[in-house]
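First the structure, in the form of structure tokens, and then the observations on it.
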Number of protein chains: 2
Amino acid sequence: MRRNPERRQALIDAAIEVLAKEGARGLTFRAVDAEATVPPGTASNYFANRDDLFTQVGGRIYERLLPDEATIARSREGVQDQTRYAELMHELVDRVSAFNSGYLALLELRLESTRRPELRAVLTKRIREDIDANIGHHAVSGLPGDSTSAVLLYLALNWLIVERLTLPDIFTEQEIHELVDAAVRRSLNA
Amino acid sequence: MRRNPERRQALIDAAIEVLAKEGARGLTFRAVDAEATVPPGTASNYFANRDDLFTQVGGRIYERLLPDEATIARSREGVQDQTRYAELMHELVDRVSAFNSGYLALLELRLESTRRPELRAVLTKRIREDIDANIGHHAVSGLPGDSTSAVLLYLALNWLIVERLTLPDIFTEQEIHELVDAAVRRSLNA
DNA sequence: AACGTAGTACTACAGTCGGAGTGGTGTCAA
DNA sequence: TTGACACCACTCCGACTGTAGTACTACGTT
């Protein structure tokens with residue numbers, strides 16, 4: 001098991017691209033090697049087996065989908081009212097949609113996790129943490145709404161992103177924009 | 001190209017199971033043969049190639065996820081108020097969750113459609129029709145809310161089902177029940 | 001400065017697996 | 001008798017895993 005951390009990260013990032021492009025079943029050592037443009041056989045040295053590869057990707061991908069420090073800091077600025085909330089949600093949807101392959105890869109991992117208990121455990125932990133963090137962040141932010149509104153938004157926006165990324169002709173960009181607004185507005189009404 | 005319609009349907013239904021169990025890349029002629037317990041080579045006679053197989057499954061799967069006549073008829077009975085609406089949505093979530101493999105297969109197809117334009121066209125058409133039918137049905141039903149609430153519900157409930165089917169430990173059954181209620185209640189508040 | 005060593009990169013290969021496609025034969029009904 | 005379909009067998013092909021072996025590089029030692 002090789003230990004060069006940069007190389008390992010590069011391989012995992014390559015694996016994310018492969019997942020998005022080829023699907024879960026297409027995530028093979030060879031495909032990762034090719035995507036990362038390293039000699040064939042390299043991935044074999046960094047991951048014990050395919051299961052291990054899936055698990056490591058599952059651990060890493062979530063980090064890349066989360067906002068960075070700067071974005072979080074920026075989100076705390078200004079009046080924290082409903083308009084601001086909508087603004088933040090637009091940013092969120094755009095940020096996640098922009099890392100297209102990351103989100104698609106995460107979907108592939110979700111589906112694959114129905115077949116791989118270890119992966120399921122990793123994803124469950126990460127996502128549960130993320131939801132709780134969202135709720136916690138929301139609680140201290142001064143934004144309107146309760147924890148239920150945060151979860152409902154999480155639900156609606158996730159599927160909106162799925163729709164946008166997998167079947168882009170279902171909703172127009174305009175409709176997506178309006179749906180985000182409506183989702184914020186209505187989820188706040190207890 | 002063989003033309004026995006029962007056999008073709010049986011093969012497509014088998015393909016749906018394969019999709020759910022093995023993922024999109026696992027959907028091979030041989031796997032379909034095995035799942036349908038027909039002799040190997042049979043699927044080759046019914047589908048020109050894999051692309052054709054995907055497209056035919058994409059056309060059929062949606063029929064199987066839609067409610068049958070009896071369910072639709074029943075949905076029109078009684079007072080069409082908010083309580084009734086919530087009841088219908090619980091039924092919907094349970095019905096779709098119950099056809100577990102169908103929903104997972106549809107997700108696999110969505111992801112696969114990012115790689116297969118023909119499949120994407122079929123799915124886009126079907127799903128657009130379904131959303132419009134939902135809105136139309138909602139409009140004439142006398143249920144409270146506008147078309148936006150119907151779409152928001154569609155979004156939230158879809159992801160709720162994804163969550164339940166792919167990572168069942170994220171939300172408890174109790175939480176899911178409450179989230180459906182909350183989604184109905186809040187989506188109605190314009 | 002020369003040498004040795006450890007860790008990593010690269011290459012090659014052997015073995016295995018699974019699937020596509022097709023053609024031939026059997027069977028049944030019109 | 002003929003046509004359509006079911007069943008079966010076989011060949012060709014491509015891809016992947018896992019590993020063993022070699023080359024390289026950096027660093028520490030003397």
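The chains referred to below are lettered A, B, ... by the order of the sequence lines, with proteins before strands, and numbering in each begins at 1.
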Nearest heavy-atom approach of B:Thr42 to B:Pro39 is OG1-O, 2.5 Å
What pair of heavy atoms forms the shortest contact from A:Leu167 to B:Ser113, and how long is it? CD2-OG, 3.7 Å
Show me the pairs that pass ring pair (Phe, Tyr, Trp, His ring centres under 6.0 Å) and involve [range], at least two apart or across chains.
{"range": "residues 32-59 of chain B", "result": "none"}
{"range": "residues 69-93 of chain B", "result": "B:Tyr85-B:His138, B:His90-B:His177"}
{"range": "residues 107-129 of chain A", "result": "none"}

Partners meeting side-chain contact (heavy atoms from CB on, under 4.5 Å) with B:Glu77 (sequence neighbours left out): B:Arg74
Could you work out, with side-chain contact (heavy atoms from CB on, under 4.5 Å) as the rule, every residue matching A:Gln80, not counting sequence neighbours? A:Arg84, A:Ser141, A:Leu143
When you group the ILVMFWY residues by side-chain heavy-atom contacts below 4.5 Å and let the links chain together, are B:Leu109 and B:Val122 in the same group? no
Side-chain atoms of residues 18-32 of chain B: list all donor-acceptor pairs with protein atoms under 3.5 Å, sequence neighbours left out, distances to 0.1 Å.
residue: B:Lys21; atom: NZ; partner: B:Glu35; partner atom: OE1; Å: 3.0
residue: B:Arg25; atom: NH1; partner: A:Glu22; partner atom: O; Å: 3.4
residue: B:Thr28; atom: OG1; partner: B:Ala31; partner atom: N; Å: 3.1

Set of side-chain hydrogen bond (donor to acceptor under 3.5 Å, both in side chains) partners for A:Glu129, sequence neighbours left out: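 A:Glu129 satisfies side-chain hydrogen bond (donor to acceptor under 3.5 Å, both in side chains) with A:Lys125 once adjacent residues are dropped.
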Residues which pass side-chain hydrogen bond (donor to acceptor under 3.5 Å, both in side chains) with B:Glu17, listed by chain and number, not counting sequence neighbours: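 B:Glu17 satisfies side-chain hydrogen bond (donor to acceptor under 3.5 Å, both in side chains) with B:Ser101 only.
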Does anything in [range] come within less than 4.0 Å of DNA chain C? Heavy atoms only, and list the residues if so.
{"range": "residues 42-51 of chain B", "result": "B:Ser44, B:Arg50"}
{"range": "residues 25-41 of chain A", "result": "A:Arg30, A:Pro39, A:Pro40"}
{"range": "residues 8-23 of chain A", "result": "none"}

Just say parallel, tilted or perpendicular for the rings of B:Tyr154 and A:Phe171, cut-offs at 30° and 60°.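 Judged by the thresholds at 30° and 60°, the geometry between B:Tyr154 and A:Phe171 is perpendicular.
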5' to 3' contact window, DNA chain C with chain B (heavy-atom distance under 4.0 Å): C:dG19 to C:dT22
